[in-house]
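Single-structure report; data block below.
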Amino acid sequence: MKNVKCKKKILFSAVQPTGFLTLANYLGVLKHWKDFQNKYSCIFCIANLHSLTNLNTSINIKKNILDTLAFYLACGVNPSKSIIFIQSDINEHCKMNWILNCFSYFGELTRMTQFKDKSKKNKNVNMGLLNYPILMMSDILLYNSNYVSIGDDQKQHLELTKVVAKRFNNLYGKVFSIPKNIVFDRGSRIMSLCDPVKKMSKSDSNEKNSIFLLDSRKNISEKIKCAITDSDNPSKIFYDKKNKPGVSNLLNIFSILTNNTILESEKLFFDYDYYSFKKKLSDIVCNELCKLQDRYFYFRKNEKDLLDILCIGAKQASIIAKKTLKLVEKQFFF
Ligand code: TRP
């Protein structure tokens with residue numbers, strides 16, 4: 001038999017180092033990275049250039065970079081298996097960004113939902129906010145990514161990445177790999193606890209809506225206790241996103257954390273009332289997050305090791321980014 005050596009496909013992902021990560025970031029994105037490492041060649045970036053779009057003087061991005069890296073490690077990202085790097089360490093992102101600017105249309109960017117939302121909410125509608133998806137495209141395309149792991153709210157940016165990459169390839173030949181989204185069979189969209197038709201977000205003004213990865217046991221239990229369910233009496237625990245968004249959201253969180261299907265979770269809670277359902281769920285969430293926090297503090301305390309990991313990652317990322325950018329520039333420049 002022929003011995004065919006399969007090259008692993010490339011998976012890219014990134015998180016912005018802005019403030020605290022939430023349970024939604026964890027369940028939708030970070031929790032899956034550990035296992036991806038066995039299947040793909042993984043590249044995990046800390047998107048600090050993106051976080052400049054939403055800067056205020058109370059945000060300490062340098063500290064947040066190390067916090068974010070410690071979370072990556074706590075979630076099981078292994079620097080001897082995967083490349084981990086800071087976006088701003090690789091200058092090629094900015095040059096690629098400029099080139100891709102010239103292949104993206106103004107109308108495409110003003111149509112992006114995130115841009116529309118942020119320009120309504122923010123006082124500071126800077127050019128970075130409009131350009132944001134093109135910088136994301138540059139991240140993804142520089143590393144020939146076959147797969148991209150993203151939260152639900154970033155899907156539109158990935159779709160635009162595909163459109164622009166194909167547009168470029170139609171003109172210049174197969175320069176870019178066209179990336180695919182990693183799709184989960186189970187809902188990755190975690191909703192706000194008190195307003196379950198809105199997504200859980202780290203920038204929510206009401207802290208009770210989101211569980212942060214560093215919340216204490218007490219805080220987590222209180223937030224889950226206050227989560228909105230509905231007025232069904234007696235309690236009825238089943239999944240119905242439209243008519244029971246609160247209960248469905250809690251069932252979804254339970255099923256992702258315990259690897260049960262929604263159906264299995266519904267069966268488990270068949271004769272529970274909302275109070276004991278929430279009690280059980282908060283035990284599960286607390287146990288998972290407490291273990292995560294222990295690992296987080298273990299990695300976070302040694303800054304020298306964290307900086308070393310980023311330094312090695314930057315060297316590895318640089319080799320790939322330089323090669324791709326050269327291939328792009330070859331089309332236009334000496
Ligand atoms: N914008 C993403 C977020 O806020 C982070 C990000 C930046 C990203 N560049 C990326 C995600 C490239 C995937 C691929 O979640």
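As the structure lists them, so they are numbered: ligands from 1, and atoms in each ligand from 1.
Side-chain contacts under 4.5 Å among hydrophobic residues (ILVMFWY), followed directly or transitively, place F212 together with F20.
A salt bridge links D232 with K244: the distance from a Lys NZ or Arg NE/NH1/NH2 to an Asp or Glu carboxylate oxygen falls below 4.0 Å.
Evaluation of the salt bridge (charged side-chain N to carboxylate O under 4.0 Å, His left out) rule for K267 yields no partner, not counting sequence neighbours. Scanning for side chain to side chain contact (heavy atoms under 4.5 Å, CB included) contacts around F297 gives L214, Q293, with sequence neighbours left out.
A donor-acceptor pair under 3.5 Å links the side-chain atoms of T258 to the main chain of F254, judged by distance alone. In this structure, the side chain of S13 does not engage the main chain of F44 through any donor-acceptor pair within 3.5 Å.
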Tabulated below should be the N or O atoms of ligand 1 paired with protein N or O atoms at under 3.5 Å; can you produce that?
residue  : atom  : partner : partner atom : Å
ligand 1 : 1 (N) : Y132    : OH           : 2.7
ligand 1 : 1 (N) : Q154    : OE1          : 3.0
ligand 1 : 4 (O) : Q16     : NE2          : 3.4
ligand 1 : 4 (O) : Y132    : OH           : 3.1
ligand 1 : 9 (N) : D139    : OD2          : 2.7

